Amino acid sequence: MVRAEFDFWVGIVMDKFYDGLQNKQFIGSKCSKCQRVFLPPRNRCGDCFAKAEEFVELPENGVLKNFTVSNYNVTERRARKAKEPIMVGLIQIDGADTGIIAPIINISPDSLKEGMKVKVVWAKNVKGHPNDIAGFEPVGGG
Ligand SMILES: [Zn+2]
């Protein structure tokens, strides 16, 4: 019974997140005890294990905490030289205590800096899917 309840809640949390994306909105969840904010939302706090059932709307801006640049497109069979470097970052949205991983776009790899301000770029057609996040670009054109 506990297991079913747990699965049920996880479904709600992720539904909220994807519903948010469909509305071009980040929805996180907040710990009832230590007030940490999780994005993507989770039903329980990773720190104090209290319930994190309060949903909060978060802004489109954040900070690039970390990134990797690769010149190769890696598939299960081989690594191919990519036409353009592939940049992936860990972004901490303002007001959140955890980060999300997404592509970094509209900047040259040489200009990437940890701690730089970034803003989400939504996909042309949002569908409530992880791909709704086209990527993050520097605020002010980098
Ligand atoms: Zn907590």
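Start at 1 and go down the list; that is how both ligands and their atoms are numbered. For this chain, numbers begin at 1 and follow the sequence in order. If you're wondering where the values come from, they're calculated on a predicted model, not measured in any experiment.
Pairs engaging residues 92-110 under the salt bridge (charged side-chain N to carboxylate O under 4.0 Å, His left out) rule: none recorded [sequence neighbours left out]. Here side chain to side chain donor-acceptor pair (under 3.5 Å) pairs that include residues 118-128, with residues two or more places apart or in two chains, are E60-K119, E60-W122. Among residue pairs with one or both ends in residues 29-41, those qualifying as salt bridge (charged side-chain N to carboxylate O under 4.0 Å, His left out) are R36-D47; sequence neighbours excluded.
Remark: the backbone N or O of G20 is not paired with any side-chain donor or acceptor of N23 at under 3.5 angstrom.
Of all protein N/O/S atoms, those lying under 2.8 Å from the Zn ion (ligand 1) come to 4.
Within the 4.5 Å cutoff, the side chain of L21 has no heavy atoms near those of the H129 side chain.
Hydrophobic clustering keeps M87 apart from V63 (ILVMFWY residues linked when any side-chain heavy atoms are closer than 4.5 Å, directly or through intermediates).
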